[in-house]
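Protein chains get the first letters and strands the later ones, always in sequence-line order, with residue 1 at the start of each.
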Protein chains: 2
Amino acid sequence: MSKYHHGDVRNVLLREAETILRKEGPGGLSLRRLARLTGVSEAAPYRHFDGKDGILAAVAIAALKRFGDRLEETAKLALPHEERIIALGAAYVEFAIEHPQHFRLIFGRERPPLDQYPDLRDAADSVFDILQRSVTNLDQRGDMTLADAANAYNRALAAWSRAHGIATLVIDGMISPPLDQPIQQFVFGLLAEDLGIPASLQNPKK
Amino acid sequence: MSKYHHGDVRNVLLREAETILRKEGPGGLSLRRLARLTGVSEAAPYRHFDGKDGILAAVAIAALKRFGDRLEETAKLALPHEERIIALGAAYVEFAIEHPQHFRLIFGRERPPLDQYPDLRDAADSVFDILQRSVTNLDQRGDMTLADAANAYNRALAAWSRAHGIATLVIDGMISPPLDQPIQQFVFGLLAEDLGIPASLQNPKK
DNA sequence: TGCGTATGTTAACATTATTAACATACATAA
DNA sequence: TTATGTATGTTAATAATGTTAACATACGCA
C-alpha cells in the first residue's frame with residue numbers, strides 16, 4: 001500500500017481550489033488549507049503549481065474559458081447588431097453576478113501578473129477579442145477606413161466599460177439590483193439607458 | 001526624557017499609512033511594517049485603531065472626502081446638464097487614475113465592511129448622493145412624478161456605471177489610454193460615445 | 001537490474017494579525 | 001499635593017500564512 005502518490009493530485013487540488021475560491025475569494029484561498037482539504041501535505045501543491053499565483057492563474061484560465069464560451073454563444077444569436085450588444089452586456093453582467101469571485105479573480109487586483117503567466121494573458125485577450133469583434137461587427141465589414149476602425153474600437157470600449165461598471169458595482173455591493181424585478185430586466189434597463197449625450201460632444205465622425 | 005508617548009501617534013500612523021497605501025495598496029499595508037516605519041512598537045496601532053480594518057477605514061474615509069469634494073467642484077461648474085454629466089464622469093475617472101490605490105480601497109473587495117464602520121458608509125453614501133443629485137439634477141425639479149424619479153435614478157446609475165467601468169478597467173490594466181493623446185480626451189471620447197441603442201430597447205418613458 | 005525524475009513528505013524560516021500582561025505618563029478629584 | 005484612574009506605550013505569545021530546503025519514495029525506462 002503506497003503511503004502517498006495519489007495519482008491525480010493536480011486535478012484534485014484544482015477542483016478543491018475552485019470550491020474554496022467560489023466561497024471565499026482569492027484572498028481567502030490559503031495554500032495550507034487547500035492542501036489539508038485535499039488530504040495532501042502542505043508542500044505538495046508546489047510540485048504541481050508555481051506557488052499560490054500559479055494555482056490562481058490556473059483557476060482564472062479555466063474561468064476565462066467558460067466566460068468566453070458564454071459570451072460567444074450570445075454573440076452568435078441571430079439579433080440585430082445593436083440588440084446583440086445589449087445581450088452581450090447582459091451576459092457579461094450575469095456572469096459576474098453568478099460567479100463574483102471568478103469575475104474578481106479575472107479582472108481584479110489579485111489576479112496573478114499577466115506578464116508572468118502568458119497563458120493567462122492569452123485567455124484574457126481572447127475574451128476581449130470576442131467582445132470587440134461582436135461589438136464592432138468586424139466580420140461583416142472588410143471595407144472600413146482607418147477612422148471607422150478607430151471608431152468601432154471606441155464603441156467596443158464604451159460598451160465594455162458600461163457592462164463592466166455595472167458588474168463591478170453590483171458585486172462590490174455599491175448598487176443592488178431591486179428585489180422586485182428580475183435581474184435581467186434591471187441590467188437591460190441600465191445598458192439601454194440613453195444618457196442624452198449632447199451632439200456637441202459626440203464623435204464628429206459618422 | 002520620556003521613553004515613549006510621542007503625543008501624535010495616531011496622525012503619524014495615518015500619514016504613514018497613506019504613503020504606504022499609495023505605493024502598495026491595501027494588501028501591501030502591513031501593520032507591523034507600518035509600526036516600524038512610524039518608529040513605534042508593533043502593538044501601538046491597536047491603541048488608536050480597531051486593527052487593520054480600522055486603519056484602512058480611516059484612510060478610506062479621508063480619501064472619500066477628497067473624492068467627494070472634487071466631484072462637487074465639478075458639479076458646480078456652470079455647464080449644460082448633459083455636459084456636466086460628462087465632466088463628472090471625467091473627474092471620476094481622473095481621480096481613479098491619479099489615485100488608483102485609494103480608488104480600490106474605496107470600492108474594491110478589500111474595503112472594510114461598511115456595516116462595521118458607519119462613518120465609512122456615511123462617507124460613501126455622501127459621494128453617491130453628489131453623483132445622483134448632479135446627474136438627475138434633482139435640485140431644479142421639484143415637480144417630478146414617481147416615474148420620472150425612477151427614470152432619473154436609472155440615468156444616474158447608468159452614467160455612474162459607465163464612468164466606474166472605465167476607471168476600473170484602466171487601473172486594473174485591462175485597457176490603456178493611448179499615449180498619443182491626453183487622458184482627458186480619451187475619457188471624454190468614451191463617455192460621450194453614442195452606442196446607438198435601438199429605440200425598441202430604450203426606456204419607453206420620455 | 002539500476003538509475004533518474006516526478007511526486008511525496010517533514011521541518012524550518014520569515015512574515016503576518018491579533019491579544020494578553022505589564023509599564024508608564026497624564027489628568028483630574030480629593 | 002497626593003492619589004487614582006485612564007490613555008497610551010511596551011514586550012511576549014499565539015496562530016496562521018507562503019515558501020523553500022532536505023529528505024524519501026514510487027515510477028518509467030535504459
Side-chain angles (χ1 to χ4, degrees), chain A residues 1-21 23-60 101 105 108-113 116-117 120, chain B residues 1-21 23-60 101 105 108-113 116-117 120:
Chain A
M1 216 48 355
S2 54
K3 240 173 57 191
Y4 43 75
H5 197 260
H6 309 223
D8 195 30
V9 177
R10 196 194 138 98
N11 285 329
V12 181
L13 281 173
L14 261 188
R15 282 195 296 113
E16 197 69 45
E18 269 280 348
T19 75
I20 294 181
L21 181 107
K23 279 184 285 195
E24 325 212 8
L29 192 158
S30 133
L31 275 197
R32 302 177 94 115
R33 196 153 62 93
L34 170 61
R36 276 196 303 274
L37 288 181
T38 308
V40 92
S41 87
E42 294 176 340
Y46 289 89
R47 298 294 176 193
H48 300 276
F49 297 96
D50 176 20
K52 184 171 184 175
D53 272 357
I55 296 188
L56 290 181
V59 175
Q101 307 290 11
L105 177 59
R109 190 196 27 64
E110 317 211 38
R111 179 190 57 206
Q116 256 171 67
Y117 297 89
L120 181 54
Chain B
M1 214 54 346
S2 56
K3 240 174 56 190
Y4 44 76
H5 196 260
H6 308 224
D8 194 31
V9 177
R10 196 194 138 98
N11 285 328
V12 181
L13 281 173
L14 259 188
R15 282 194 298 113
E16 197 69 45
E18 269 279 349
T19 77
I20 294 180
L21 181 108
K23 281 185 284 196
E24 326 211 7
L29 193 159
S30 133
L31 274 197
R32 302 179 91 113
R33 197 151 64 89
L34 171 61
R36 275 196 304 273
L37 288 180
T38 309
V40 91
S41 87
E42 294 175 339
Y46 289 88
R47 296 295 175 191
H48 300 276
F49 298 95
D50 176 19
K52 184 171 184 173
D53 272 357
I55 295 188
L56 289 181
V59 175
Q101 307 291 10
L105 176 59
R109 191 195 31 65
E110 318 211 37
R111 179 191 56 208
Q116 256 171 66
Y117 297 90
L120 181 54

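- Rounded to a whole Å, the CG atom of B:Asp50 is 14 Å from the P atom of C:dA17.
- Per the geometry, CD belonging to A:Glu42 stands 17 Å off P belonging to D:dA21, to the nearest Å.
- In this structure, the CZ atom of B:Arg33 is 15 Å from the C1' atom of C:dA17, given to the nearest Å.
- Rounded to a whole Å, the CZ atom of B:Arg32 is 12 Å from the C1' atom of D:dA16.
- Residue A:Leu29 is classed as a sugar-phosphate contact, given heavy-atom separations below 4.0 Å to backbone atoms only.
- Distance alone, capped at 3.5 Å, is enough to place a donor-acceptor pair between the B:Lys52 side chain and the B:Leu29 backbone.
- In this entry the distance linking OH of A:Tyr46 with P of C:dA11 reads 18 Å, nearest Å.
- Heavy atoms of B:Ser41 sit under 4.0 angstrom from at least one base atom.
- Nearest heavy atoms, A:Leu34 versus A:Ala17: CD1-N, 3.6 Å.
- Atoms CZ (B:Phe49) and P (C:dT18) sit 13 Å apart, rounded to a whole Å.
- In terms of phosphate contacts, B:Ser30 brings no side-chain nitrogen or oxygen within less than 4.0 Å of OP1 or OP2 of C:dT15.
- Residues A:Pro45 and A:Val40 share a closest heavy-atom pair of CD-CG1, 4.4 Å.
- Atom CZ of B:Arg10 and atom P of D:dA7 are 14 Å apart (whole Å).
- For A:Arg36, a side-chain nitrogen or oxygen approaches OP1 or OP2 of D:dT17 to under 4.0 Å.
- Across the protein-nucleic acid pair, B:Leu31 atom CG and C:dT19 atom P stand 11 Å apart, rounded to whole Å.
- Closest non-hydrogen pair, A:Arg33 versus A:Ser30, comes out as N-OG, 3.0 Å.
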